[in-house]
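Start at 1 and go down the list; that is how both ligands and their atoms are numbered.
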Amino acid sequence: MTLAQESVMAWLRDAGLEPRELQQKAIDAGLLEGTNMMISSPTGSGKTLIGEMAALRAVSNGQKAIFMVPLRSLALQVGKTIKERYASRGLNVEISTSDFETSGSTLESCDVLVATYERTDSLLRHKAAWLSDIGTVVVDEIQNISDSMRGGRLEGTLMRLRKAFSDVQFVILSATVGQPNILADWLDCKLVQSNHRPVPLVTRVLKTSEPEKTVRDLVMNSIQKSGQVVVFNRTRREAVAAAQRLGPHVQRQLRHSEKESLANEVSSLENWSASLPRDLVSLIHSGLAYHHAGLDFESRHLVERLFKRGILKAISATTTLASGMNLPARTVVLTSIASPADYKEILSANEIHQMLGRAGRPGYDKEGFGIIITRSEGERQTALDAYFHRIQDPENDEHERMPRFNPVRSSLSTNLAEQVLVAIDFLGGAAVSDLENTFFAQSYLVHNHVRNPKSPVRPLVLSELTAQAAIEKHAMSETVHAAMQGVLASTEIREESEQTLGGLIQPRSGGGYTCRFSIRPQKSGVMEGPMCSCGRPISDEGILCPHLVALGITASKLAQSKADFIIPLALGETSPVATLSKLGLIEAGSDNRLKLTALGSVVCKLYLRIPTVRELLALLPTVETSQEMLDLLGHIIMLESGRNLGESASRVAAELILTSDTCETISARNDIDVGDVRLVLEMLDWVLISISTIAEISNLKTVGNGIHRMLNELHSNRYEGEKNVNKQ
Ligand SMILES: Nc1ncnc2c1ncn2[C@@H]1O[C@H](COP(=O)(O)OP(=O)(O)OP(=O)(O)O)[C@@H](O)[C@H]1O
Ligand SMILES: [Mg+2]
């Protein structure tokens, strides 16, 4: 055994821990020698401890470790466990989750940092000195790399961490990745896999015409057998309604002693925080609670703690409780498979199994039950097909379902312009060809494409997008090749205007198709895009039908300038480099290398999204009155938080800045959840500083002064007071 191995094993022994089978497998595969590793194993199988051991390895080598997690609550859970386990060894653990805080100065002395993905990204963008000693990076719940909002930033962060610290050990963890070898290969990780779940999880897909009654029966059944339950709902409103329906039933099950201990808890709560909504307090009396992002962080944490102590029998939650959390639920009920964002879409298999995986956690139960409620046979079959492998043996139908997971795709393209900006800053300037051929060639996006037989010729185009480059982003190489040779079809351009390019395509194999690229707006306001009489102009993977490829290639030869304008737009393609340079965020130096402008550098460090910057630059010069300023502020907060607060956003911002009313008062007055008021408050300082910095750089002195006044008011009215409230 090496010295590092010996000391990590001694630390574990002192903490009373013995590695389990999966953990031993990771050790045998070289975890404690610094081998990069991906762990793909079921929920509740002990992946955290593997990340923890890798972190301890770095520390025992005199280095630091970073443990990246998706959620604040998970950061707290992981960070607190590590802290308590190794406090006697003098291990210094920091939990850092404030995504809007920029300085990393308090981190200097810490050995292990548990941080959200975004916080890590921000530290890296600020080139925080702390990072230089890093020996291990643990990425928990890596499947989030495909999240459309957050995935691109996570991917960019991992690429930069890897380039900056070439000998750093990567340990990536997930329970819900289909084809994990693709991700493992990307980060040069050894894949350690297991299907063993220490606590068996029985999953069922039920069909019912009375979903409320079925949920109630399931919940009561579990509670009567001393099991705790988490019910997942699609929306906040449904989570609250379900809790209220269940309240009286759960309360009836409580023993006298349980009622007394609940009463004690609630009376101590009354003084503890003014921010617990009344209806939640009375629900807690009945032995259950709701849990969603509309509650503030402290309230959510309180609900989790009471549930862990067994004082609460059930939680009715939205998906905010999902990833990675360890909770003592024996039973998990999913009341709907519809996606929170769009009820016509269903949740992905990965999301479903994350939620089901909260049931039956080691140390709490011997067996877990995960139940999915559906409302028709059709919906039941949809769920079975999407979330489980088909079972050969009908006898086993209800018991031995093997979960099915979606492969994890890159989301980098949704956020490419920002990642190009950050990459140029990171590299200290770069030519487009370097960015394309070296830096982004190592992205997960490109890695994915190379692997996928259905992938287009060029997955990534950073600079000027010609018609041909846009087609190449949406067609496989043979099709493009055949179209270039003219062997695919005979193509006749019949329609050519400022907004459309259309034609008749006659494939060699026979038949005729009319198709066009169009940027004409329809009545609904949506642009027409690519169309073809074959009925399938573009596949789910974004691949064009061969007729459109033939048309596009011909048009790019015969009507080049028009095609170069229309075709990329019709395909929704923009050039990241052109976008950044139009916004004044980058410029080309004399050597043709791109570098950041002063504005670009500020945007990169402020952690702003490119669409936000575009809105700010367009709207700031038009702002005159303070009401217009507040409207802009509300707009930016919505853009950056991704939460639609309607007109309340600017009203809430105004009341937070101009009054010293509490968040609860503001929440009640505007009829919006207190968690949302707190979210606005958390973002305010950062958004105001961002606007004032950009106003200053753009020489908009009056606006800048107005924002400064708001910042001063915000500080004098609030922060001192708020801090006191939080401390209580
Ligand atoms: N070696 C061990 N000895 C004792 N308990 C352990 C050991 N390893 C893990 N556990 C316990 O098992 C439980 C589940 O572990 P953990 O949270 O790491 O699962 P996970 O694999 O990360 O699951 P998920 O995919 O849901 O995040 C925890 O309560 C943890 O303390
Ligand atoms: Mg975990």
Side-chain angles (χ1 to χ4, degrees), residues 8-28 31-32 37-56 67-86 114 116-117 138-144 171-178 180 183 192-201 203 228 230 232 304 307-310 317 319-330 332 349-368 370 403 405 408:
V8 173
M9 297 317 284
W11 288 45
L12 289 194
R13 267 197 310 278
D14 285 3
L17 291 165
E18 187 68 38
R20 292 206 173 126
E21 197 181 313
L22 172 75
Q23 294 150 352
Q24 191 57 49
K25 213 168 157 183
I27 296 174
D28 294 343
L31 183 79
L32 302 181
M37 206 166 281
M38 171 167 190
I39 313 292
S40 172
S41 67
T43 49
S45 60
K47 293 183 288 298
T48 322
L49 189 65
I50 297 180
E52 201 173 303
M53 289 191 283
L56 296 180
F67 203 118
M68 296 167 64
V69 294
L71 301 171
R72 265 209 261 183
S73 44
L74 190 58
L76 265 181
Q77 187 175 296
V78 170
K80 271 174 90 176
T81 310
I82 304 182
K83 243 184 208 175
E84 284 162 12
R85 267 186 196 154
Y86 312 107
V114 184
T116 52
Y117 306 148
V138 182
V139 190
D140 201 5
E141 309 293 349
I142 184 84
Q143 75 278 2
N144 287 301
V171 176
I172 59 179
L173 313 173
S174 180
T176 51
V177 170
L183 250 174
V192 173
Q193 261 180 304
S194 160
N195 287 329
H196 178 66
R197 197 177 195 273
V199 177
L201 179 66
T203 48
Q228 288 172 267
V230 174
F232 282 107
E304 288 158 26
F307 190 69
K308 272 196 162 177
R309 287 170 53 199
T319 54
T320 41
L321 196 66
S323 277
M325 292 294 287
N326 241 329
L327 294 167
R330 184 181 302 165
V332 161
N350 299 1
E351 291 166 313
I352 290 279
H353 292 295
Q354 278 297 338
M355 289 190 258
L356 294 177
R358 294 318 101 205
R361 307 287 292 188
Y364 293 117
D365 283 294
K366 296 271 171 286
E367 192 176 23
F405 301 116
V408 171

Can you name the atoms of ligand 1, numbered from 1 with element, that are less than 4.0 Å from a heavy atom of [X]?
X	answer
Ala175	25 (O)
Gly46	9 (C), 15 (O), 16 (P), 18 (O), 19 (O), 20 (P), 21 (O)
Glu141	27 (O)
Pro362	12 (O), 13 (C), 14 (C), 29 (O)
Leu49	1 (N)
Ser45	19 (O), 20 (P), 21 (O)
Pro42	21 (O)
Thr48	16 (P), 17 (O), 18 (O), 22 (O)

- Pairs in or reaching into residues 14-23: which pass side-chain hydrogen bond (donor to acceptor under 3.5 Å, both in side chains), with residues at least two apart or in two chains?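 For residues 14-23: Asp14-Arg89.
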Below 4.0 Å, non-hydrogen atoms only: which portion of [X] touches ligand 1? Side chain, backbone, both or neither.
X	answer
Glu18	backbone
Asn326	side chain
Thr43	both
Pro198	neither
Gln23	side chain

Donor on one side chain, acceptor on other, [X] and [Y], under 3.5 Å:
X	Y	value
Glu52	Tyr86	yes
Asp28	Gln24	yes
Arg197	Thr43	yes

Reported [atom1]-to-[atom2] distance for the pair [X] and [Y], which is rounded to 0.5 angstrom:
X	Y	atom1	atom2	value
Met37	Ile172	CE	CD1	11.0 Å
Ser174	Asp140	OG	CG	8.5 Å
Met68	Thr116	CE	OG1	8.5 Å
Phe232	Leu356	CZ	CG	8.5 Å

For [X], state whether at least one heavy atom is located under 4.0 Å from any atom of ligand 1.
X	result
Gly44	yes
Gly363	no
Arg358	yes
Gln354	no

- Task: With sequence neighbours left out, write down each residue that passes ring pair (Phe, Tyr, Trp, His ring centres under 6.0 Å) with Phe405, or none if nothing qualifies.
- Result: His353
- Item | Any Tyr364 side-chain heavy atom under 4.5 Å of Lys308 side chain | yes
- Task: Run the numbers on Gln77 and Glu304 for side-chain hydrogen bond (donor to acceptor under 3.5 Å, both in side chains), then give the verdict.
- Result: CA-CA 10 Å; Gln77 187 175 296; Glu304 288 158 26; over 6 Å; no
